[in-house]
Amino acid sequence: MKDVNNFKIILSFMLCAVLSPYVLAEEGVDQISFQLLSEQEKGIAIDKKPELKCSLDASADPENITAYLDDTDITALLKWQGNYFVYKPVTVLEAGEHTLDVIIDNDDETIEKSFSFESRHSESFKTLQANIGLGLEGSYRFAKKPDEAQDYQFDSMLGIEMTAATEQWENSFVSHVTYTDPNSDDTQFALNDYLYTSTYTSENLKGVVEVGDVTIDETENTVSGFSRRGLQSGIEYKDFSFNVFSVAGESLYGFKGGTGIGVDNEKNVIGLSAGQKFVEDRAHVKVVYLTGGTPQEGMGVGSSNEQQKGDTLGLVADAELISQWLLLKAEVDFSSFDNDVTAGSDSTSDHAWRIDAGGQSDEISYSLYYLYTGADYATLGNNGLNKDKLGYGADFGFQNENHSFQIALSRVHDNVEDVSSLPTVYATGGSFQYSYLGMEDWQWSFMFEKMVNCSTDEPQGTEKIDTDENSASLNLSLYEGLWTHNFDMQFLLINDGSDVDNNEQTFSVLYGPSYAPGSIHLSSVTPTLSYIKDEYDFGDGNSDIYAMNLDITGDLIEESLSYSLNGSVEYTTFDHAGDTNNYNGSGRLEYFIPVHQIWMERASCGLKFNYAHTEVEASQGQQLSKDEQYAASVFLNLPISYLF
Amino acid sequence: MKRIMSLIILLGTFAGATIITQPSTMSVPYNQSTLKQVSYRFSMLECTEATSSEIQFLDTTGRIVDTTHKSATVRLTIDDRLYGIGTLAESVRIPSSVLRKVRNAGGNSMRMQRTFECTAGVGLRENTSMGIRLTTQAGSAFSINRLQLFFPNNKVQTVVKRNEELQAVARINFNGSGKLRGYWEVDGRAYPTIIQMLTGRDSIVISFGPVLSLPTFNPGRHTVRFVITSPEADFKLPSISYLVDFKQSKPLLPIGLQSPKNEATLFLQSTRFKWNDILDGEVYLIQIFSEAGKASLFSAYTKKGEYRIPKKMIDTKLEAGRTYRWKVTGYDKDGKPIAESETRSFIMIFN
């Protein structure tokens, strides 16, 4: 019997050796053999989803076999045929080295065998993917108000996503261009976004170049969430890192403004940073410098700022003194800034600093800070930075299986230069939040927040500030089958301690359930109902606001006829100023044409509409104004895509 | 004769022209430029047009600190008393450089002045002015000085699939304290009102959602604004835009997780995960992550609504006392994600 088994093993080994010339690695017993079924080049699978085959001894029972591909259990997806199984990855397999582990767990022994193989997406490139999509939608308005609105609308978008990578280089490009006609602004033909990224990686060196719509992050006081069009590049060599960037000062959209790359100190922001790690990555130092200017802040920002220019230098050091428990960070920044270039004034210099400490364990976390930001401190890389403040704060958190709470305390004041002709306003705040997590089907949390604003050293003629804001909120989430219920309630009370004594109260309640049956006819329903009561001791601003919003999506006929509806209704009553009614909605009914082409995704046609109604009434019920706009259109949608 | 009568009235009353400025005084932060809506109400004898060529900023002694060349012209309507009546509104920018000059001289107040000259009618000239008090940002009159809109990717534009959830964020910098009233607007359609108290800090972030999502069922470009109704913003409200892909895309179906409950404590020997089996023949991928890691430590495909972690993976991938997260994703036969669960966490302990 033993001889027969040995013969089987030898025979299966010989068979596999003939059938699979590219067995790359084998360990352990020879009851199991491995074969790559996909096209190969020098033993490397050339396939995005390489097909694997594994032959076992005829006595092996599939019930006792477990298989892992790169730490993913694939046992449930193995296709058994006789004494071998075949596996094809569900999703695209990342190019590179892979390991298939096969374990036979018999009663008396466990046999484990590992096979290594390599895959790439094409012969020339380890990874090569491109997705080019063109979308066209033309619509004709058969009903409209105002009548002057155009009869037709044409929207189109070209989207390109490409990735090509070799062993050490990876290049990717993403871009979207739109054409809209008619269009009320100057972006009829517009470059929505583009980003080219090139990355080089070797054992000790990593380099990245990004051109297009980049986002730069260094520190809060220098460059933070700074998204602009331009270039940023960085290298990391062992423990040293260096980054450089050159971007447009203003936020650009469309084809205006060029690439954003340049060295014009009135239009571009140029900067660099250099960092070094020490003590096995437990301590870091970094220096950040940026200079340049901006004619205006550009798309997405409304402000009183005009042309600005300036320089900022930041120095940061941090160290993990006790693993996870004590991380210290210190930053000092200097700026020379002219936030009013057109006025012909000189730049002003100022500085900022902050010290942070923090740590965490499995259940407890804490952070402490002490900061100063000068009255004239500014940076082009974070124009919304709050300045003129000195203060400190602390946050503590605790969380275990059933309970979570957080406490935050802070005290800051302005007039940091102690100018005698100005008041100083102290803001002292604290908050407490508790959440109960012990129930599987529901969670609730309660929060109380208090903020006291009090001024001192008011010069003659300046009113004293003395406000006390108290806010309490309750949130309840209930999970019931396909329903999720969210309930929020908030009460806000502001005591005005000044001579005016105009106290204010706001009460709001929101119920926002969502129902997601995932059925054919109804994919999801998300209604929200809210009520806000807003009251003042004096004045005529008291109001009650009742609002409802509804989102529904689903299919009337599976895969053929879908619908989407979105609408909101708001009714506001003012004590002395009458009422306003506002209701609006939009929707789309879409039939997917059953014509399948390789290059066409799913063409569709249908109806779409939008409606907006606003009505203002005087307190006696007399109608003061009424505005109504609507459009109903038929459309044809052609999505075309090419994927390789 | 009419002209003579007019002159008589002018000489008799000494009130040939009156211009009232609203507001008459304002307090502004001493360290930043301020944009403010100012209106003028005119009453000028026998005048149908008045013009001013510049705005002057004067200190308390009447000395001109700075001049902004910005012309303003108003057309007036003659009333029964032969006075030209009309109003004019403009955005006046008080540059920080002017405020700095006053502050450096030790002052905390100044005046903004315009001189209007009748350019069509009797050649009268009249000054009008507004008092400006310098104070700190928290001590200023309640106003919005900056509104920045962006998407969660920190950019002013983004691209989403159809029916994909999308949020927008408004970061608001303000002076003083008070109640903000505003609403989100998408393609001209208003969403329900938001009331927020702004006090004790100088900026706040307001998100679209989290219960609501921007509408993404119509392909093409869509414009988002946050409309501030009170206090009235003195600058043009910005907008951002998002593109919705033209291809049909259904929202990911939600996979309800059954057990273990969130934040549960699991013994090393009982690591069974269950969820609602909503797919028909397609596959689920359950992924286990470390507490903070993005890449999964271990994952498994299954066609059922449950999975038990094999001993080999418990021994090699999980440690007692550590917190882990888990989620389930459903894929169709082409490998496209079609369903997704929330992410829950659990803590491993020894038996």
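Reckoned from all heavy atoms, side chains included, excluding hydrogens, waters and symmetry mates. A note on names: the letters A, B, ... follow the listed sequences, proteins ahead of strands, and every chain is numbered from 1.
For Arg133(B), the part sitting under 4.5 Å from any heavy atom of chain A is the side chain, from C-beta outward, and nothing else. Residue Leu297(B) touches chain A through its backbone alone, counting heavy-atom pairs closer than 4.5 Å. Proximity to chain A (any heavy atom under 4.5 Å) is shown, for Lys36(B), by neither the backbone nor the side chain. Heavy atoms closer than 4.5 Å to chain A are found in the side chain of Phe235(B), but not in its backbone.
Using a 4.0 Å cut-off between charged side-chain N and carboxylate O, Glu590(A) and Arg162(B) make a salt bridge. Of the charged side-chain nitrogens involved, none lies within less than 4.0 Å of a carboxylate oxygen, so that Lys312(B) and Asp71(A) do not count as a salt-bridged pair. Salt-bridge formation is not detected for the pair Arg308(B)/Asp73(A): no Lys NZ or Arg NE/NH1/NH2 atom is positioned less than 4.0 Å from an Asp or Glu carboxylate oxygen.
In this structure, Lys155(B) contributes its side chain and Asp213(A) its backbone to a donor-acceptor pair below 3.5 Å. A donor-acceptor pair under 3.5 Å is absent between the side-chain atoms of Asn31(B) and the main chain of Asp376(A), judged by distance alone. A distance-only check finds a donor-acceptor pair linking the side chain of Ser227(A) to the backbone of Asn154(B) [under 3.5 Å]. Side-chain atoms of Asn584(A) come within 3.5 Å of backbone atoms of Ala190(B) as a donor-acceptor pair (strictly under, hydrogens ignored). The backbone N or O of Asp388(A) lies less than 3.5 Å from no partner atom in the side chain of Gln137(B), so there is not a single donor-acceptor pair.
Interface summary for chain B: among Gly384(A), Gly225(A), Ala76(A), the most heavy-atom pairs under 4.5 angstrom belong to Gly384(A). The candidate with the highest count of non-hydrogen atom pairs below 4.5 Å against chain B, out of Met548(A), Lys49(A), Glu297(A), is Glu297(A).
In this structure, the side chains of Thr553(A) and Asn163(B) come closer than 4.5 Å at one or more pairs of heavy atoms.
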Quiz item: When you look at Lys179(B) and Asp534(A), which way does the salt bridge (charged side-chain N to carboxylate O under 4.0 Å, His left out) test go after all the steps?
Solution: CA-CA 10 Å; Lys179(B) 263 185 198 165; Asp534(A) 196 22; 2.4 Å; yes

